[in-house]
Amino acid sequence: MLKVYNTLTRKTEEFSTLKPGQVSMYVCGPTVYAKAHIGHAMSALVFDIIRRYLEYREYKVTHVMNFTDVDDKIIIKANQQGIDPFVLGEMYIHEFEGHLRDFNILPATINPRATREMDQILTMIQGLIDMGFAYPVDGDVYFRVTKDPQYGKLSGRKLDDMQAGSRIDVDYRKEHPMDFALWKAAKPGEPSWPSPWGDGRPGWHIECSAMNLNHLGEQIDIHGGGNDLVFPHHENEIAQSECFTGKTFATYWIHNGMLQLSGEKMSKSIGNLVTIEEFLNHHPADALRMMVLNSGYRSPLSYSEDILAQAEKAIDRLRSALKPALGGSTGASEAVLKTLQTQMHATSAGYVESMDNDFNSAGALSHLFELVRVINQTRADNATNEQLSPAQALLLKLTSALGLSIEKETVKNQAVDGFVDLLIEIRKDLRANKMWALSDKVRDQLAGLGVIRKDGTSWHWE
RNA sequence: GGCGACGUGGCCAAGUGGCAAGGCAAGGGUCUGCAAAACCCUGAUCAUGGGUUCAAAUCCCAUCGUCGCCUCCA
């Protein structure tokens, strides 16, 4: 029984879909005005892990992730660089999609963009005005928060509380300080679309409501994103969508914790960020995935070189179980094989039990490491490759369900491999003849070239 | 000021009422020509102080500390 923590109710609930066996999941993607940082990668990884597990549980998942490709920051940045804002957005979208591939993140079923949903956006705004949930002012259109009795239900805020604490410049054209823009009138030189209220562009929140309606329907199973989006973005999405349709919008609201660098949220505005590009230049993509897997997705995750190094070591540990049988193995005893069998069952069951508990990937990993240990014990007890392979296959299946790739790296160069094999063969002969100095020289220099020997004879690239 | 999350061995971290998973690091051992790998062994009264209970890391209250949101943010 899969259970999911729901931000809306602040409780872990049994997971039940609108349509049996199918999951509709919408995740807020980035606003494309700058290079993405590893906080964005973390969020994408979290929802990739969730999606993969839903698919492991044999749900058919329709996964939608949007790109916000029109917004103040994009326009400002494009103007600074003297290029078309759409070209700028396109560039960053292209780059981000490449990063997703690098991180082995499954592509979303649909990647809608704000600029391609204008009809639906205009229809929704008009509908909200007609029903009294919104009002136009000088070419802008605002949502009337006081008209929605449920407003604040996701973030647990009351309008009165927020009013008291708010000292930000109030736009006096708005009826209530918390009213938010559905449509913004265009300033000269800005990209705009025609509308009944004059040329303009959509507010930040309405695009997601419109894209949901357009691609997933009035009601969806899961809506996700970083927990910094809970208010105002998701709160406003709920208000718009539910006032428009009169139906519950998303059943489960799932939010990931923030990635932190030196004790603070990694963010574009603070400037304490590591871009995905920089990260990938120095680390394997799986290291970040391992960091994410090894902690609760709702907790803040602190990023440091040290923690990253631990994650890389942990992946090596998983890989160690895939090593082949020891040379000359004659077969493990019945008792040893029985233990391996037992562990395989325990791991399969423990894996599902952990992941069923709000995607507890850290717990699931612990079961994988237990399997690793028993596989390695079995190997040390003389098991043959045939005896090891079912357990290794299980390990591979479960790690790949988490999106990790622990299989040997694809061969870089077939021809070079032959020479490495030859050198290792020669080293074996040198050792047989106790020519230690030469054999150590071969070993050390191979290591210097990036060849890691797994044991006496097998090897792989660094 | 308001709302919320969190504080578990040197580090990362699971567990949320019944003798505290797992990974990294460290120390000891097996194996080995040495080394590496692998295997075995070693470690926590769960921020602090009260309370509820036969029983609490786990529930309640208080205190301290860290972080997020309240303005664009994954």
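Letters A, B, ... are given to chains in the order of the sequence lines, protein chains preceding strands, and every chain is numbered from 1.
- Within the 4.0 angstrom heavy-atom criterion, only backbone atoms of the sugar-phosphate kind lie near A/Arg10; the bases stay farther away.
- Between A/His205 and A/Phe180, the ring planes lie perpendicular to each other; the angle is over 60°, past the 30° to 60° tilted range.
- Across all strands shown, B/C72 remains unpaired; no Watson-Crick or G-U wobble contact has both distances below 3.5 Å.
- Toward the 5' end of RNA chain B, the nearer of the two residues A/Arg379 and A/Pro300, judged by each one's closest nucleotide, is A/Pro300.
- Interface remark: the A/Arg443 side chain does form a donor-acceptor pair with the B/C34 base, using a distance-only criterion of under 3.5 Å.
- Atom CZ of A/Phe369 is separated from atom C1' of B/A13 by 11 Å (rounded to the nearest Å).
- Across the C1' atoms, B/U53 and B/U63 are found 23 Å apart, a figure rounded to whole Å.
- Comparing the P positions of B/U45 and B/A57 gives an interatomic distance of 12 Å, to the nearest angstrom.
- Residue contacts shown for A/Ala314 are limited to sugar-phosphate atoms, with no base heavy atom under 4.0 Å away.
- Among the atoms of the strands shown, only primed sugar atoms or phosphate atoms (P, OP1, OP2) are found under 4.0 Å from some heavy atom of A/Lys313.
- A straight line from NE2 of A/His63 to C1' of B/A74 spans 12 Å, rounded to a whole angstrom.
- Here, B/A13 and B/G7 have their P atoms 10 Å apart, quoted to the whole Å.
- Nucleotide B/G49 has B/C61 as its partner under the Watson-Crick or G-U criteria, with both atom distances under 3.5 Å.
- Checking B/C70, B/A21, B/C39 against the side-chain heavy atoms of A/Ser366 singles out B/A21 as nearest.
- Which of B/G33, B/A74, B/G4 sits closest to the side chain of A/Ser439 comes down to B/G33.
- Across all strands shown, B/G4 pairs with B/C67; the Watson-Crick or G-U wobble distances both stay below 3.5 Å.
- Scanning atom types as modelled, one donor and one acceptor separated by under 3.5 angstrom connect the side chain of A/Gln310 and the base of B/G23.
- The pair A/Arg443-A/Asp440 meets the salt-bridge criterion, with a side-chain N (NZ, NE, NH1 or NH2) lying under 4.0 Å from an Asp/Glu carboxylate O.
- The residues A/Lys174 and A/Asp140 are annotated as not salt-bridged, no charged nitrogen and carboxylate oxygen being separated by less than 4.0 angstrom.
- Here B/G27 sits opposite B/C41 as a Watson-Crick or G-U wobble pair (both hydrogen-bonding atom distances under 3.5 Å).
- Side chain of A/Glu370, nearest nucleotide from B/C67, B/A21, B/G33: B/A21.
- A/Gln310 has its side chain out of reach of A/Asn294: every pair of non-hydrogen atoms, C-beta onward, lies at least 4.5 Å apart.
- For A/Tyr26 and A/Phe249, the ring centers sit 6.0 Å or farther from each other.
- Comparing B/G68 with B/A62, their P atoms sit 24 Å apart, to the nearest whole Å.
- Comparing B/G27 with B/A21, their P atoms sit 24 Å apart, to the nearest whole Å.
- Side chain A/Asp316 to base B/G23: no donor-acceptor pair is found below 3.5 Å.
- At a threshold of 4.0 Å, the pair A/Arg201-A/Asp72 counts as salt-bridged, since one of the basic side-chain nitrogens sits closer than that to a carboxylate oxygen.
- Among the atoms of the strands shown, none is found under 4.0 Å from any heavy atom of A/Gly350.
- Between A/Asn360 and B/G15 there is a side-chain polar atom (N or O) within less than 4.0 angstrom of OP1 or OP2.
- Comparing B/C72 with B/C12, their C1' atoms sit 32 Å apart, to the nearest whole Å.
- The side chain of A/His37 sits closest to B/A74 out of B/A74, B/U71, B/C67.
- Using a 4.0 Å heavy-atom criterion, one finds that A/Met266 contacts the bases of the nucleic acid, with or without backbone contacts as well.
- The shortest distance between the side-chain N/O atoms of A/Asn376 and the OP1/OP2 oxygens of B/C39 is below 4.0 Å.
- On a pure distance criterion of 3.5 Å, a polar donor-acceptor pair joins the side chain of A/Arg431 and the base of B/G33.
- Protein atom CZ of A/Phe103 is 16 Å distant from nucleotide atom P of B/A74, rounded to whole Å.
- A close approach under 4.0 Å does not occur between any side-chain nitrogen or oxygen of A/Lys323 and OP1 or OP2 of B/A38.
- Comparing B/U58 with B/A20, their C1' atoms are spaced 11 Å from each other, to the whole Å.
- Backbone-only contact: A/Asn227 has heavy atoms under 4.0 Å from sugar-phosphate atoms and none from a base.
- Looking at heavy-atom distances under 4.0 Å, A/Gly224 makes no contact with the nucleic acid at all.
- Spacing between atom CZ of A/Arg157 and atom C1' of B/G68 amounts to 10 Å, rounded to whole angstrom units.
- Residue A/Asp72 is classed as having no contact, given no heavy-atom separation below 4.0 Å to the nucleic acid.
- Judged by closest nucleotide on RNA chain B, A/Val372 is the one of A/Val372 and A/Gly225 placed further toward the 5' end.
- Summarising the geometry, the separation between CD on A/Gln343 and P on B/G22 is reported as 11 Å, rounded to the nearest angstrom.
- Using the Watson-Crick or G-U wobble rule with both distances under 3.5 Å, B/U16 pairs with nothing in any strand shown.
- Base engagement by A/Ser267 is indicated by at least one non-hydrogen atom pair under 4.0 Å involving a base atom.
- Note on A/Leu259: a base of the nucleic acid sits closer than 4.0 angstrom, heavy atoms only.
- Annotation: side chain of A/Gln150 is not in contact with side chain of A/Ile238 (no heavy-atom distance under 4.5 Å).
- Of the side-chain N and O atoms in A/Arg317, one or more sit less than 4.0 angstrom from OP1 or OP2 of B/C39.
- Remark: C1' of B/A37 and CD1 of A/Ile424 are 14 Å apart, rounded to the nearest angstrom.
- Rounded to a whole Å, the CH2 atom of A/Trp436 is 12 Å from the C1' atom of B/A35.
- Nucleotides B/G10 and B/A44 have their P atoms positioned 10 Å apart, rounded to a whole Å.
- A/Met355 has its CE atom 12 Å from the P atom of B/G15, to the nearest Å.
- Between A/His255 and A/Trp253, the ring-plane angle classifies as parallel under the 30° and 60° cut-offs.
- Residue-level contact check: A/Gly39 touches the bases, meaning some heavy atom is under 4.0 Å from a base atom.
- Closest to the side chain of A/Lys265, from the set B/C39, B/G68, B/C24, is B/G68.
- Considering only heavy atoms from C-beta on, A/Val336 stays 4.5 Å or farther from A/Leu340 through its side chain.
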